[in-house]
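Read through the structure below, which is laid out as C-alpha cells, and then see the notes.
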There are 2 protein chains.
Amino acid sequence: MATDDLMTRALETLAEDDLPSVEAIHRLTDLAGVPESMTIAEVADVLDISPHTLRYYERAGLVEVARDGNGHRVYDAGAVRRLVFLTRMRLSGMPMRDLQHYVSLVDAGEHTAPERLDMLLEHRDTIRRRIRELTLSLTAVEFKIATYGGSTGPDARPPGAATGA
Amino acid sequence: MATDDLMTRALETLAEDDLPSVEAIHRLTDLAGVPESMTIAEVADVLDISPHTLRYYERAGLVEVARDGNGHRVYDAGAVRRLVFLTRMRLSGMPMRDLQHYVSLVDAGEHTAPERLDMLLEHRDTIRRRIRELTLSLTAVEFKIATYGGSTGPDARPPGAATGA
DNA sequence: GTTTGCGTTCGAGCGCGCTCGAAGCCCTAG
DNA sequence: CTAGGGCTTCGAGCGCGCTCGAACGCAAAC
C-alpha cells in the first residue's frame with residue numbers, strides 16, 4: 001500500500017524545510033528518489049492523494065507551488081517535502097486549521113520554533129491517546145470475536161490472543 | 001443478546017485502563033451498578049454522549065427504546081448494553097452504515113452470526129491497520145520533536161522544556 | 001396558578017475535508 | 001486541421017456524524 005511507502009518516506013524526510021541540521025539528516029536519508037521538480041500528477045501519485053486535494057491544500061495556504069510557462073504547477077523538492085509532512089499529519093488526525101497555523105508559524109520565522117514544538121508535543125500526545133483508545137477497542141473486539149459462537153456462559157475463555165498487534 | 005454480555009465481559013477485562021475518554025464506558029462495564037432502567041440523561045451521562053446523539057442513534061435504527069407514560073424514553077439494560085457496544089464501535093471508527101447493517105443482522109436472528117463475525121474480523125483488521133498507521137506517525141512526530149531543539153538556531157531550547165501539553 | 005426544567009418530535013444546519021463539474025488553455029498525435 | 005488529454009481556475013456540492021432550534025407537554029416547586 002502506498003501509505004506505508006509514504007510513511008517510510010515520512011520517517012526519512014519528516015523534516016522541516018527550514019532547519020539546516022535537519023537538512024543534513026535529509027541528505028543522509030533516501031531522498032534521492034525524489035526528482036528536482038514534479039508535476040501535480042506525479043506528486044499526487046507518490047503521496048497517494050488526488051490532484052484535487054493537492055490544489056485544495058494550496059488554496060488553503062498550506063504550500064506554495066510555482067508555475068511553469070503554461071501555468072502548470074511545478075512542485076520543487078521543498079514543496080514535496082512539506083506535503084509529505086502535511087500528509088502525514090493529516091493522516092494522524094491533525095486538523096487543517098492546526099496545519100494552517102503551523103505553516104504560518106514556519107513562514108513567520110525561526111523565532112516561532114518553540115510554539116511549533118509545542119504543537120508537535122500536543123499532537124504527539126493526541127496520537128498516543130488515540131492509539132490507546134484504539135488498542136482498548138481492539139482488545140474488546142478481539143474478545144468478542146474469540147467468544148463468538150462459542151459458549152455464552154459465564155466461563156468464557158480469557159482473551160489470550162487478544163494482545164496481538 | 002448474549003453477545004453483548006460477552007462484550008461487557010470483554011470490557012471488564014479492560015477496567016484497569018485509565019483513558020479519560022472511555023472512562024465513562026468503564027464505569028458502565030460494572031453492570032451490577034447499572035439500574036434496571038435509565039433516563040436519556042442518565043444514559044447520556046454514563047456513555048459520555050449527548051441526549052441529542054442518543055435520539056439520533058435511535059432515529060438511525062441502531063436501538064429501540066421504550067417510552068413511559070409521559071412519552072419519555074426508558075432505556076432498559078439491553079438497550080444500554082447495545083449502546084455501550086455501539087459507542088465503542090463508533091469510537092474505534094466503524095461507520096454508522098456498518099453499524100446499521102450489523103444491528104439489522106442481529107435483529108434478523110441467530111443465523112446471521114457468521115456474517116456478524118465477518119464484520120467484526122474486518123473491523124478488527126481495520127483497527128489494527130489504523131494503530132499501525134498511528135504508531136508510524138507517532139514515531140515520525142517523536143523523531144521530529146527530538147531533532148527540534150538540537151540546533152535550530154540562536155534561541156534553541158531543549159525539547160521537552162516547553163511541554164505545555 | 002405560574003414558573004422551572006426536563007423531556008418530546010421534526011427538520012434544518014453545521015463543520016470538516018474533500019470532491020467534482022464547468023469552461024477554458026496548451027500541447028501533441030493522428 | 002482536429003481530437004484528445006491533461007492542466008488551469010472557480011465555486012458549488014457532498015457525505016458524514018452529529019448538533020441545534022422551535023414548538024410543545026408534563027410534573028413538581030414555589
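In the text below, chain A, chain B and the rest are named by the order of the sequence lines, each starting its count at 1.
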* Asked: Nearest nucleotide by nearest heavy atom, which residue falls closer to the 5' end of DNA chain D, B:P95 or A:R67?
  -> A:R67

* **Protein-nucleotide distance (B:L62, atom CG; D:dC18, atom C1'), rounded to Å** => 13 Å

* B:R55 side chain near C:dC6 phosphate (N/O to OP1/OP2, under 4.0 Å) -> no

* What integer distance in Å separates B:D68:CG from D:dG25:P? -> 17 Å

* To do: Return the value, rounded to whole Å, for the distance between atom CG of B:D48 and atom P of D:dC18.
  => 13 Å

* Asked: Between D:dC10 atom C1' and A:E58 atom CD, what is the distance in whole Å?
  -> 14 Å

* Across the strands shown, which category fits B:A60 at heavy-atom distances under 4.0 angstrom: base, sugar-phosphate, nothing? -> nothing

* Hey, is the side chain of A:R97 pairing donor to acceptor with the base of C:dG17 inside 3.5 Å? -> no

* Asked: Considering only D:dC18, C:dT8, C:dC18, which nucleotide approaches the side chain of B:I40 most closely?
  -> C:dT8

* **Approximate separation, where rounding is to 0.5 Å, of A:L134 CG and B:L91 CG** => 8.0 Å

* Structure fact -> Of A:N70 and B:H72, the one whose closest nucleotide on DNA chain C sits nearer the 5' end is B:H72

* **N or O in side chain of B:Y57 less than 4.0 angstrom from D:dC18 OP1/OP2** => yes

* **Options C:dT19, D:dT9, D:dT19, nucleotide nearest the side-chain atoms of A:R73** => D:dT9

* To do: Could you check which of D:dT8, C:dG7, D:dT19 has an atom nearest any side-chain atom of B:A41?
  => C:dG7

* Out of C:dG7, C:dC20, D:dG17, which nucleotide sits closest to the side chain of A:R59? -> C:dC20

* **Cationic N near anionic O, under 4.0 Å, B:D76 to B:R67** => no

* What is the distance, rounded to the nearest whole Å, between atom CE of A:M96 and atom C1' of C:dT19? -> 13 Å

* To do: Send over the distance from B:L83 CG to D:dC18 P, rounded to a whole Å.
  => 12 Å

* **Protein-nucleotide distance (A:L54, atom CG; C:dC18, atom P), rounded to Å** => 11 Å

* **Rounded distance in Å - CG (A:L47) to C1' (C:dC18)** => 16 Å

* Using a strict 4.0 Å threshold on nitrogen-to-oxygen distance, state whether B:E142 and A:R128 make a salt bridge. => yes

* More than 12 foreign heavy atoms under 6.0 Å from CD of A:Q100: is that the case here? -> yes

* What nucleic acid atoms does A:R90 come within less than 4.0 Å of, heavy atoms only: base, sugar-phosphate, or nothing? -> sugar-phosphate

* Is a donor on one side and an acceptor on the other found under 3.5 Å between the side chain of B:S137 and the backbone of B:E133? -> yes

